[in-house]
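Quick note on labels: first sequence line is chain A, next is B, and so on, each numbered from 1. No experiment lies behind these values; they were computed from the predicted model shown.
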There are 2 protein chains.
Amino acid sequence: MKLNTKSRYAVMALADMAVFSCDNAVSLRDISLRQGISLLYLEQIFLKLKKNNIVKSVRGINGGYILVKSPKELKISDILLALDQKVKTIGCKKDSKKSCNGKSTKCITHNFWDELDIHINSFFESKKLIDLLKHREARL
Amino acid sequence: MKLNTKSRYAVMALADMAVFSCDNAVSLRDISLRQGISLLYLEQIFLKLKKNNIVKSVRGINGGYILVKSPKELKISDILLALDQKVKTIGCKKDSKKSCNGKSTKCITHNFWDELDIHINSFFESKKLIDLLKHREARL
DNA sequence: TATATACCCGACTAAAATAGTCAAGTTTTT
DNA sequence: AAAAACTTGACTATTTTAGTCGGGTATATA
């Protein structure tokens, strides 16, 4: 059970932006160098972040990306959502014909998985980008 | 981000046992029929459950498996552990040479992933097998 | 206005993980 | 003896993941 790299990189990259942007755009090249993430992969990730209005882009020389919301307001759940990274611990949904046919005990565990999803999602909902940076400041 | 089927089936199967065992062993064949899980796959799962002392086996006719602990005592985390289903949301551990080289901001997000792991694991620690059955009783 | 920098975007692919199957047993009860 | 049921390792098809590739487009600055 793990998060995929796209989600992790997205969070890392946005955290990087929060640290390094001084009101100007941050280029993917810089993020790539600092965070050790492939530039091509970052492009793919930022495409989604842009489409979902997490960042906006500035083209041309000295271009890059800018956070739409402040790190204080940007929820981690927003980021994961932008990458279609739903926290869905099971494939078996109540309304799915395929895996849950309502037979006897078959779906005893349904409620449990639902609870789990809620538990995890509420964590992501409760955390803002700025929360990730706090530890860092302590180290400086 | 999702749990694999092995873990889910393990929990389903053990919940099934909790419901249907009347002190005697439950055969995989019965579980397979009731829960719609491939018998061969169940065998693979129960091998691990047995090795990790979650169930014990009774061979021969009328054989099957028996829960080692009562559903009241068996934690979900025990089950997941038996299937090596660690909740490890990232591949990048502090002590890993590969993905975390300590460069500047590289691992700003570390603490966050650690917190997430703890958050999820504590959920699995807090739930016992019997907790899954409660909803069911309400429906009968 | 040339050009370098940086975003834009769909298609492709190698490798790993997943979800299972198969074959060939062993043990025990009736 | 025969049947039910556990035991075990090896094998495999499919899917997902984690990227790369190629060919764009926009724009600031010299």
Side-chain touch Arg8(A)/Thr109(B), heavy atoms, less than 4.5 angstrom: no
Would you say Lys75(A) and Glu125(A) make side-chain contact, with heavy atoms under 4.5 Å?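 Lys75(A) vs Glu125(A): side chains touch.
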Spacing of [X] atom [atom1] relative to [N] atom [atom2], expressed in whole Å:
X: Asn62(B); N: dT30(C); atom1: CG; atom2: P; result: 6 Å
X: Ile61(A); N: dA2(C); atom1: CD1; atom2: P; result: 15 Å
X: Met1(A); N: dA17(C); atom1: CE; atom2: P; result: 17 Å
X: Phe46(A); N: dG19(D); atom1: CZ; atom2: P; result: 15 Å
X: Leu49(A); N: dC7(C); atom1: CG; atom2: P; result: 13 Å
X: Leu47(A); N: dG24(D); atom1: CG; atom2: P; result: 18 Å
X: Asn52(A); N: dC8(C); atom1: CG; atom2: P; result: 14 Å
X: Asn24(A); N: dT5(C); atom1: CG; atom2: P; result: 18 Å

Can you tell me if [X] touches the phosphate of [N], counting only side-chain N or O atoms and a distance under 4.0 Å to OP1 or OP2?
X: Thr5(A); N: dT17(D); answer: no
X: Asn4(A); N: dT16(D); answer: no
X: Ser57(B); N: dT7(D); answer: yes
X: Lys50(A); N: dC8(C); answer: yes
X: Ser38(B); N: dT21(C); answer: yes
X: Tyr9(B); N: dG20(C); answer: yes

Find which nucleotide of DNA chain D each of Lys6(A) and Val26(B) is nearest to by heavy atoms, and output the residue with the more 5' nucleotide.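 The residue closer to the strand's 5' end, by nearest nucleotide, is Val26(B).
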Tell me the closest heavy-atom pair linking Ser7(B) and Leu83(B), and the distance in Å. CA-CD1, 3.7 Å
Testing the basics here: between Asp131(A) and Ser126(A), what is the closest heavy-atom pair and its distance to 0.1 Å?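 Nearest pair, atom of Asp131(A) first, then Ser126(A): OD2-O, 4.0 Å.
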Taking the side chain of Glu43(B) as its heavy atoms from C-beta onward, which of dG20(C), dC6(D), dA28(D) lies nearest to it?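 Of all the options, the side chain of Glu43(B) is nearest to dC6(D).
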If you go through the side-chain atoms of Gln44(B), does one of them form a donor-acceptor pair with the base of dT8(D) closer than 3.5 Å?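 Looking at the base of dT8(D), it does not pair with any donor or acceptor on the side chain of Gln44(B) (distance under 3.5 Å).
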Is the base of dT5(C) touched by the side chain of Arg59(A) through a donor-acceptor pair closer than 3.5 angstrom? no
Counting any heavy atom closer than 4.0 Å, what does Tyr65(A) reach on the DNA or RNA strands: base, sugar-phosphate only, or nothing?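 Contact class for Tyr65(A): sugar-phosphate only.
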Using a heavy-atom cut-off of under 4.0 Å over every strand shown, decide if Leu40(B) touches base, sugar-phosphate, or nothing.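 Base contact.
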5′-ward residue of the pair Tyr41(B)/Gly63(A) relative to DNA chain C: Gly63(A)
Sole candidate of Asp78(B), Leu81(B), Leu80(B) that passes side chain to side chain contact (heavy atoms under 4.5 Å, CB included) when paired with Phe124(B):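 Among the candidates, only Leu80(B) passes.
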Please work out whether the ring planes of Tyr41(B) and Tyr9(B) are parallel, tilted or perpendicular, with thresholds of 30° and 60°.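 Judged by the thresholds at 30° and 60°, the geometry between Tyr41(B) and Tyr9(B) is perpendicular.
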